[in-house]
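What follows is a set of notes on a single structure, which appears directly below.
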Amino acid sequence: MSLVLDIFTIVAVSAGAFFFLAGTVGLLRFPDTLTRLHALTKADNLGLGLVVMGLLPQAEWPFDSIKLIAIWLFALLAGATVGQLMARAARREQTTP
Amino acid sequence: MPHSLSTPDVTTPGGLLLVLAVLVPFVGVLAGMVLGGRGARRVALATLAAGLAIAIAIADTLVRSGAAVVYLLGGWTPPLGVALRADGLAVIMLLAVAVVIGGIGVYARADFGTPPGVREARAPFVFWTLLLAVWGSLNLVFVSGDLFTLYVALELLTFAGVPLVSLGGQPETLRSALRYLLYALFGSVLYLLGAVLLYGAYGTLDIGLLAARVHPEPVTWAAAALMTVGLLAKTALFPLHLWLPPAHAGAPAAASAVLSGLVIKGSWFLAVRLWLDVFVGVVTLPSAQTLAALGAAAILVGNIVALRQARLKLLIAYSTVAQIGYLFLMFPLAAGLAAAQLDDAAAVNGGLLQAISHATAKAAMFMAAGLVYTTLGHDRIADLRGVARALPMTLVAFALGGASLIGLPPSGGFLAKWLLVSAAITTAQWWWALVMLVGGLLTSAYVFIVVVRALAPAPEGWTPKASVPCYQQVAVLALALCSFLLGLAVLCPVDVAGIGRAVVPGIGSP
Amino acid sequence: MTIPDFLLAAAVFVLATVALGLVRILRGPEDADRMMATQLFGTGGIAALLLLGVATEARAVLDVALTLALLAAFASVAFVRSASSSEGDDPKETNSP
Amino acid sequence: MKNVSVRAAMARGAGFFGFWLVLIGTDPVDGVAGLFAAAAATGASLRLLPPGGGRLRYAVLARLALRFGQESIMGGVDVARRVLSVRLPLRPGFLVYPVRLPPGPACNTFGALTSVLPGTLPAGVDDHGALLYHCLDVEQPVAAQLAIDEGLLIRALGGTHDDT
Amino acid sequence: MTLALAVDISLTLLVLAVAGWIIAVRDTFAAMIGFVAYGLLLALVWVRLAAPDVALTEAAIGGGLTGALLIGAAARLRGTEAAARAEYPGALTRTLAAVLAVTVAAALAIGVLALPDPTPTLAPAAAANLATTGVGNPVTAVLLAFRAMDTLLEAIVVLLALLGVWSLAPDRAWGGCPGPRRLVDPDGVLAWLARLLPPIGIVVGLYIFWIGADLPGGKFQGATILAAMWLLVIWAGLADTPPISRTWLRVLLVAGPLVFIVIGFAGSITAGAVLAYPEGHAKPLIVAIEIALMPTLVLTLALLVAGAPQRIPPQ
Amino acid sequence: MNTPTLFGLCAVALVGVGLYGLIVNPQPLRKILAFNLIGSGVFLLFGAIARRGAAVGMGGDPVPQALLITGIVVAFSATALAVALVLRLFDEAGSVTLAPDAPAEPPDA
């Protein structure tokens, strides 16, 4: 049982790390501010989500596990809000140079 | 020879007074914040009286017991806890500050009243609360026995001092305040770095324990150097003095008196404490000579630049730069006396007296300049005619203060310089005596110029721009008289400054 | 390789990824790009923190991550606020015509 | 109306208290402090976000959450695919989506939810109150997906499907 | 062990890279953004140094409040960039500064490497006396029992800084509200965040505060979170800063230190020394002091960021 | 090389970097920033020393850790005061240069 959980952890955390890498590469490769924002809001939050997912079997149930999920939700909320706010600012800058 | 600072492991009778000396002013700050407006001034003046009584009580306790007053906060013994500790040096400073702040408070009553029809005005509220804050912080610097508490005390002093500089709100004063703040923050962060190194090496921040534990090695040298440079920046010793003159000259007179007379003494006192009591045997005679050389440069540069000033307040501010220089001549002299197996009390007392007489004299002179400004509407030195007629008492006060700066008998400045000169001659460091002599001559030149200009008769039909209340003049004169008569301290039967400090092997001796 | 070791390795990997994002902070060109990269630092930092915390069984680390997640949007909000107010015009984005 | 506030206060308070218990554990002394914290949070919440009229439909909410999870994974995968592709397949542009929700918290929630949708990012509103989306690929069927999301959200928040 | 060291080394390199960039970059605004990232990294470093209490403080203050404060200031000073660049010193000054910096750092490095081994530490002393304080977190025991004086003074330091900030108000605005009036769309995204997050933040902030007695956490960290939440609401235009002449504000600002001082002096009667606690009652008294300090710290920290009063007080 | 030593060296490097910035950057906000860097270097050094003092089951010496919290809060207050001062100076003078005003001081001062 524990082996299955450990494998789950390894897979999920690796996938999370992969999405972090994807987000960062997007931040570097995408051509302009708005497209780069996509990379930030989507890949990173998925990366964090997968890391949290992977850590769940290793954390103490239920308190630490729910806390982990809460941390992810907060980061998600921050990402979603900040992404929109910055997109507004970037669009305004684009349209009114 | 055993070290002078015993490990404080027990609260002495009267120790509670030390806590009161620190916390009563801060309680005043808090009460002033709530009451606001006129209440802040009433609270401040009441606190000034109470604080003076506390300072006298501490002095009484010290002289009666003949030993340092100690209080262990929370009953915890250092190194885990924090001790307050007042020896002779600290108590004398406590008393002097209480007296000077009292004088400034009386003087400022007229300048910082809340105008009628307003519930609370900015300048009076800020001044009265921060005056108490400066006082509490200074008391903490004098009695704290812990390096980190002292760091907090230095920061308190900075935060209380900076708004006093920028009280006027003009661009120049804001700029001076910012420059002052940056210097002060830089100074305290260096000081903290030194304290951190000491903790890493010796596992305590308590001054008494450190004194027993430090020994000469690279970490200690680094810590001593960092702390000293940091404190010099805060004290505005040449060449780190650039922030001081514009800052002190741009503030309102009462605030200038606080800044020039008192605030810089906090960091100076801490430097003395560290060099004489903690880093004994670590700092070397050449480093003490370096400090004194900076002091000598300050005396010459400060005085010469002061001579060239066109405005009275700037002149007084540059004279502060010079007088700070004297405060640092004591280091090699104390070291020299100790190396010759002599009592270093002459040098230490000389430095201490210089600090006190400068505090009283400079506060009086800044406030006198403030009265001159009110009366004439300007403070151009070339145009001081009529001052003697309009403000006779103030002019006398200015002259007395000036006499103390020059070092004329029987002033406190005279006794201080006499002690320092004699120590210089005893230890065959005659060049420091020469510097003091030249400094005295330069000082007398600018004091003389101001007094002569002020004595010139006013033109026909001239009337003062505004009249100043009599009690302001009395307050100024009283402080100046304190400074002038301080030389009579030589008649004091007890060497108060030496209480709690035994004869110690000084700087540079193995 | 034990699970804690794997988690530590993942933390190093995420940190290295974040370091890559540093290039975007360095290059800009817009301030928004830099702020985005900082946001990425935040998400990546939280992930690294969680990995470290679970790997070393330091439960208090979860609270640090919680604080970071809660305040992740804070500096960005200050940024967006200042970016819109520095344009001088009305920062209000109304829905009315 | 009064009834609604009381019910909302109870629900939110319970939620905050539950969150507190998750954070700290179930020590009774901590619980007392938790009651205070929950009360403070509920007060602030009621002031900042006064309860609306509708009743939440939890079944629809669960469906929405599930869809949100799927979308966020797809969104991440989509970005990763584009990022790591050698050709960098991007056709960025704006899309105007005339949102049916009135301006306000619900509409903002919609914006936040859809910011994880593959290839879309809300970038403000136009002069007629429609949401402006920035898309990584303007040729994707974005508007249809948005309409499904919006319908779900409206129903979850207790509205009917046809209040355009 | 080696992997842990790899974490440390990558952290160190990152910290140094960001720090160097903050100093070197030309644009001030960009440097401020770098500082936020720097604060985040430092929080990670504190975790690695087994100092979770400090990590919490750094995460809340270094990454949050200080960053927001500096970014806001840099945005307002955008126009002065060109003038500042003109003052940039010449190559000689820069070389001298570099030499000085390297010398100081090298001397310090020697000092660090020469620190004694075994290290002097007060951990055993703190552990031995922890029981008498009744609290479980040694850091809290240091802050509120062994060295309570420092904490009391710190509360006063923060208050003095606030007085200093207020003193920079123009005379006509004395007694008015700090900061400019915010005109923000009440239906916008920022307002949405400010409606959702603060209640949750209140729970988290109070939680961090409450566990401080026994676990890492405490009043400074909790108060910083609450202050940040309040500022968020203010920036979203959902609330305004209070006029500084309000009596309730003044009372709350001084209540914390005043209660601290009163309990401290009560100790001299009941426990034989100022800032001592009678046996068996240490923990409730410590908690009482912390509860009294909380509103003071929240208000002070938030108002420090809000800045000097700028608007004419309401009559 | 162990963790405290590594971060101790990182700390002194930060002090050096901050010191350089403090001298070289003329813009006051950048000086404030440099001051914060030096400060964080000092704190980090203290933290490394605390970590060295780990004993009796504690991860580090709690006394420096407690003082660090105080230090960070004090540094924040100092930053806030300095920023407020810079902003007021900007409002009054339209610039934030620290160079002394020509008329207020003699040229040789």
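Labels below follow one simple rule: chain letters A, B, ... track the order of the sequence lines, proteins then strands, and each chain is numbered from 1. Since we're looking at a predicted model, the values are computed, not measured.
Of the atoms belonging to Ile61(E), it is side-chain heavy atoms, and not backbone ones, that fall under 4.5 Å from chain F. Only the side chain of Phe220(E) comes within contact range of chain F, with at least one heavy atom under 4.5 Å from a heavy atom of that chain. Interface remark: Val102(E) contributes no atoms to any contact with chain F (heavy atom separation under 4.5 Å). Looking at Ala55(F), both its backbone and its side chain come within 4.5 Å of chain E, counting heavy atoms on both sides. Interface residue Leu44(F): backbone and side-chain heavy atoms are both found under 4.5 Å from chain E. When heavy atoms are compared at a cutoff of 4.5 Å, Leu301(E) approaches chain F by way of both its backbone and its side chain. With a 4.5 angstrom heavy-atom cutoff, Tyr20(F) touches chain E via backbone and side-chain atoms both. Contacts of Leu68(F) with chain E are made by side-chain atoms alone, with heavy-atom separations under 4.5 Å and no backbone atom involved. Only the side chain of Val56(F) comes within contact range of chain E, with at least one heavy atom under 4.5 Å from a heavy atom of that chain. Looking at Val83(F), the atoms closer than 4.5 Å to chain E (heavy atoms on both sides) all sit in the side chain, from C-beta outward.
Rounded to the nearest 0.5 Å, atoms OG1 (Thr3(F)) and CZ (Arg48(E)) are 5.5 Å apart. Atom OG in Ser167(E) sits 8.0 Å away from atom CG in Leu85(F) (nearest 0.5 Å). Note: Leu163(E) CG to Leu81(F) CG = 10.5 Å, rounded to the nearest 0.5 Å. Taken to the nearest 0.5 Å, the SG atom of Cys10(F) stands 8.0 Å off from the CG atom of Leu42(E). From Ile23(E), atom CD1 reaches atom CG of Leu33(F) across 6.0 Å, with rounding to the nearest 0.5 Å. Atom CG of residue Leu77(E) and atom CG of residue Leu29(F) lie 5.0 Å apart, to the nearest 0.5 angstrom.
You'll find the side chain of Val25(E) reaches within 4.5 Å of the side chain of Arg30(F), heavy atoms only. Side-chain contact between Gln221(E) and Ile69(F): present, with at least one pair of heavy atoms (C-beta onward) separated by less than 4.5 Å. Side-chain contact between Ser40(F) and Tyr38(E) is present, with heavy atoms from C-beta onward closer than 4.5 Å. Residues Arg88(F) and Pro170(E) meet the side-chain proximity criterion, which asks for heavy atoms closer than 4.5 Å. With contacts defined as side-chain heavy-atom distances shorter than 4.5 Å, the pair Thr93(E)/Val24(F) does not qualify. Side-chain contact between Arg147(E) and Leu67(F) is present, with heavy atoms from C-beta onward closer than 4.5 Å.
Heavy-atom pairs under 4.5 Å with chain F were tallied for Gly307(E), Pro89(E), Pro118(E), Ala125(E); the largest tally goes to Pro89(E). The candidate with the highest count of non-hydrogen atom pairs below 4.5 Å against chain F, out of Leu304(E), Asp53(E), Leu56(E), Leu100(E), is Leu304(E). In terms of heavy-atom pairs under 4.5 Å with chain F, the best-connected choice from Leu162(E), Thr103(E), Thr66(E), Leu113(E) is Thr66(E). Your options are Leu45(F), Asp91(F), Asn25(F), and the one with the most heavy-atom pairs under 4.5 Å with chain E is Asn25(F). For chain E, the option among Arg52(F), Met58(F), Gln27(F) with the highest count of heavy-atom pairs below 4.5 Å is Arg52(F). Considering only heavy-atom pairs separated by less than 4.5 Å from chain F, the leading option among Leu160(E), Leu49(E), Val7(E), Leu13(E) is Leu49(E). With chain F as partner, the option from Glu154(E), Glu87(E), Gln310(E) having the largest number of non-hydrogen pairs under 4.5 angstrom is Glu154(E). Comparing Leu115(E), Val15(E), Val157(E) by how many heavy-atom pairs each has under 4.5 Å with chain F, the most go to Leu115(E). Top candidate by heavy-atom pairs under 4.5 Å with chain E, chosen from Leu14(F), Leu22(F), Val96(F), is Leu14(F).
Of all the heavy atoms in Ala19(E) and Val17(F), the pair that sits closest is O-CG1, 3.9 Å. Across all non-hydrogen atoms, the minimal contact from Ala50(E) to Gly59(F) is CB-O, 3.7 Å.
Although no hydrogens or angles enter the test, the distance criterion places no donor-acceptor pair under 3.5 Å between the side chain of Arg51(F) and the main chain of Ala51(E).
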